[in-house]
Amino acid sequence: MSVIDSGKGKIALVTGGGTGVGKAITTALLGVGYTVVISGRRKDVLEDAAKTLATETGGAVKPITADVSDPNSVAALFEAIKSEFGRLDLLVNNAGINVPNIAMEELTFEHWNAIVGANLTGVFLCTQQAMKLMKAQSPRGGRIINNGSISAQTPRPNTAPYTATKHAVTGMTKSTALDGRPFDIACGQIDIGNATTEMTSKMAGGVIQANGEIASEPTIPAHHIGDAVVYMASLPLDANVLTMTIMATKMPLVGRG
């Protein structure tokens, strides 16, 4: 199976697919022939993104508004996919949020719950629905790719809730890979370091480092993330990239400090 034709006739869902990294992933999947459902909470942003993506790529993209932290909303999302397409070949759990980098003792319970809901509960709810559909469809099986982030490996200062959820996503990835094994469901994780998006725009001006200093950090174009996801998705279901780290080569992740 080649990467070029890997998506022809296949259905993908990218959560948070209308902005940032999610939009780059959607663009790449459309480029290899996937029909892509994109979900997000903001209907106007989602629909504008779908129109732009369809025009730029000539691909088939369908926006469905959904809140991944809400079980009823997620159930409705997957019911809509099942009703229109009859199956799902690829789920990319990309949706997530962060809060301002403030001291742990200053975080509110509302901050904590919001991040857990979007970054962890959302991954669980979407994975749960995808497993149900992928087990029942014919041909059986599919692939799930989770956006773990570099924070699934190493924290930045004052990011306890975000880091905790991303470490937990690693556990979800491994559990899903194990539990999906008998049903031809493969699950892997992509940990992204400093892709150029609105979320990372502040890095050029400087972000806090582990030693307390403020320093600018290099970034990489987000289309590299899309290309990496396409590679992971192009593999046959008897092969799996369990974890992949893609990052700006010169970002200060590896080393001491």
- Hey, is CZ on Arg42 packed in by over 12 heavy atoms from elsewhere, all under 6.0 Å? no
- Any sub-3.5 Å donor-acceptor pair from Ser138's side-chain atoms to Arg140's backbone N or O? no
- Got a second to check how far Lys166's NZ is from Thr163's OG1, nearest 0.5 Å? 10.5 Å
- Query: Given Ile150, which of Ile246, Ile192, Thr245 fulfils the side chain to side chain contact (heavy atoms under 4.5 Å, CB included) condition?
  - Reply: Thr245
- Any chance you could lay out the side-chain hydrogen bond (donor to acceptor under 3.5 Å, both in side chains) test for His111 and Thr108, step after step, and finish with the verdict? CA-CA 5 Å; His111 279 145; Thr108 66; 3.2 Å; yes
- Task: For Glu106, look at atom CD and say whether over 12 heavy atoms of other residues, nucleotides or ligands are found less than 6.0 Å away.
- Result: yes
- Message: For Arg181, give me all partners under salt bridge (Lys or Arg N to Asp or Glu O under 4.0 Å), at least two apart in sequence or on another chain.
- Response: none
- Message: Please check if the number of heavy atoms outside Arg87 that lie under 6.0 Å from its CZ is greater than 12.
- Response: yes
- Query: Shortest non-hydrogen contact from Leu46 to Pro63?
  - Reply: CG-CB, 3.8 Å
- salt_bridge(Asp67, Arg41) N-O dist < 4.0 Å: no
- Message: Please identify which of these residues, Thr19, Thr15, Leu13, Ile190, meets the side chain to side chain contact (heavy atoms under 4.5 Å, CB included) condition with Asn94.
- Response: Thr15
- Item | All salt bridge (Lys or Arg N to Asp or Glu O under 4.0 Å) counterparts of Glu84, not counting sequence neighbours | Lys62
